[in-house]
Protein chains: 2
Amino acid sequence: MTTAITPDISAPRSHNAKRLSIIDAAARVFCQEGFAGANIDLIAAEAGVSRQTVYNHHGDKENLLVAVVKEIIERINAGVFETLATFPDKPVDLEAELVAFAVRLNQNCICSRDGKFLRKLLHTEGERHPKLFAGWREDGPAKTWAALAARLARLAHAGWLEIEDPDVAARQFLALVNADLQMAMIFGDNVTEEQQRTSATNAVRTFLRAFGKARPNAT
Amino acid sequence: MTTAITPDISAPRSHNAKRLSIIDAAARVFCQEGFAGANIDLIAAEAGVSRQTVYNHHGDKENLLVAVVKEIIERINAGVFETLATFPDKPVDLEAELVAFAVRLNQNCICSRDGKFLRKLLHTEGERHPKLFAGWREDGPAKTWAALAARLARLAHAGWLEIEDPDVAARQFLALVNADLQMAMIFGDNVTEEQQRTSATNAVRTFLRAFGKARPNAT
DNA sequence: ATATTTTTAGACAGACTTGTCCAAATCGTC
DNA sequence: GACGATTTGGACAAGTCTGTCTAAAAATAT
């Protein structure tokens with residue numbers, strides 16, 4: 001364990017903790033009330049901080065939004081990367097392992113708090129602040145698709161799948177995995193684990209009907 | 001052509017025209033700026049109407065939102081119904097006809113102006129005003145899914161498809177059709193017809209790989 | 001223990017909005 | 001042409017919110 005004390009910042013500890021607390025509260029309020037409807041007094045209260053502190057840290061309301069988006073995107077990218085690493089490379093029971101992977105993907109990336117925030121901010125501010133999400137737009141979905149496509153191509157090469165265009169297959173896999181959750185997520189319902197498992201099972205079954213091939217370890 | 005003069009309303013023509021104009025402008029502004037950020041002066045200006053007229057017609061800002069949502073939902077429901085009626089019942093070239101159907105679905109329901117409005121309003125106001133969309137939530141997607149499922153079941157019965165659960169298949173069909181468009185739509189990019197066709201072709205190809213069966217009229 | 005930085009609470013001006021009121025003007029109808 | 005309803009533009013009060021300022025308090029580092 002590196003003791004990792006940021007050397008530059010002078011009074012880091014509680015200072016940084018408050019910074020994160022503010023960003024979290026701001027994310028919540030921005031998502032619930034929209035940018036224009038977000039009240040900085042409310043954000044400060046929810047963060048357990050005086051209003052002035054909010055201004056000290058982030059200056060502008062606009063600037064606060066920028067910080068929020070930046071933070072959320074970073075977290076989401078990390079989560080996606082982490083989850084993608086658990087893709088079944090050498091499957092024994094491909095269907096079961098793909099289902100488990102799909103469930104993890106939903107849990108960690110799509111139905112998670114940050115996933116919800118990013119989705120909501122994209123919809124409410126995406127059109128108005130394209131620059132805010134420009135970086136994510138290329139580094140996020142594109143890289144995710146490419147990474148997933150590479151994994152799928154590997155499985156195809158190993159004889160598990162038959163895929164012509166791995167990129168298309170990757171996007172379709174994600175689309176199928178989300179098919180049943182969209183509606184629930186829009187209304188902020190919390191999706192039960194049961195639902196997630198059913199949804200993932202249906203998705204993977206259809207995906208394998210389309211792209212599955214030989215099953216070296218058939219039961 | 002029916003001369004169709006609405007008999008009940010006393011001063012219908014320009015009055016009703018203004019009503020729609022206001023709702024359209026309000027939809028645009030609500031979607032762009034969010035409810036809190038929407039400025040009634042701006043709505044009035046965009047509708048080509050004085051602010052007082054907006055208040056005369058709809059009273060409250062809240063009330064205006066209700067009217068907008070109601071109108072959009074009605075239009076969307078009509079569009080979906082109309083498009084569903086063009087589902088290929090007695091296909092000759094199933095793949096081509098499903099692709100054409102998918103393109104129509106995207107054009108008329110998802111990428112259309114109203115489709116964009118509904119999606120945006122759902123995301124921005126869905127959680128805060130669940131009652132607003134409660135009606136749609138059951139009459140909209142549920143009915144669409146059921147109708148599409150029935151059509152698919154018919155095709156299955158006719159020997160074109162092999163489907164266990166038509167409801168799941170219907171949702172997955174829609175998910176596949178939208179797979180490539182989500183990202184573009186979030187940012188308000190206008191999707192080219194070329195993109196729509198490619199996307200639909202990919203979707204249908206995968207769908208048929210999963211559920212397609214015999215092809216009575218093979219080329 | 002002291003010095004420095006951060007935080008707090010409150011007050012404050014300025015700007016912006018909503019919703020109402022009203023008299024004049026416009027429109028459609030008879 | 002006259003009448004009634006609708007629309008208009010402008011003014012208006014009430015309220016809210018942002019962003020700044022200040023002096024006191026708290027926390028941190030030396």
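A, B, ... follow the sequence lines: proteins, then strands. Residue 1 opens every chain.
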Measure distances between side-chain N and O atoms of Arg51(A) and base N and O atoms of dG19(D), and say whether any donor-acceptor pair falls under 3.5 Å.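 Yes, a donor-acceptor pair under 3.5 Å.
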
Is Ala38(A) touching bases, backbone alone, or none of the nucleic acid, heavy atoms closer than 4.0 Å?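 The residue Ala38(A) makes sugar-phosphate contact but no base contact.
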
Over 12 non-hydrogen atoms of neighbours within 6.0 angstrom of CZ in Arg75(B): yes

Answer yes or no: does atom CZ of Phe81(B) have more than 12 heavy-atom neighbours from other residues, nucleotides or ligands under 6.0 Å?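 Not more than 12 within 6.0 Å, no.
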
Mark yes or no for whether Lys143(A), through its side chain, and Asn77(A), through its backbone, hold a donor-acceptor pair below 3.5 Å. no

If you check the Thr53(B) side chain, which of dG19(D), dT7(D), dT8(C) turns out closest? dT7(D)

Minimum-distance nucleotide (side-chain atoms of Ile40(A) versus dT8(D), dT8(C), dT18(D)): dT18(D)

At under 4.0 Å, does any side-chain N or O of [X] touch on OP1 or OP2 of [N]?
X        : N       : result
His57(A) : dT6(C)  : no
Lys18(B) : dC27(C) : no
Ser50(A) : dT7(C)  : no
Asn56(B) : dT8(D)  : no

Tell me, please, whether Phe187(A) has Arg137(B) positioned over its six-membered ring: NZ or CZ under 6.0 Å from the ring centre and within 45 degrees of its axis? yes

Taking for each residue the nucleotide of DNA chain D bearing the nearest heavy atom, is the 5' side occupied by Asn39(A) or by Gln52(A)?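 The residue closer to the strand's 5' end, by nearest nucleotide, is Asn39(A).
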
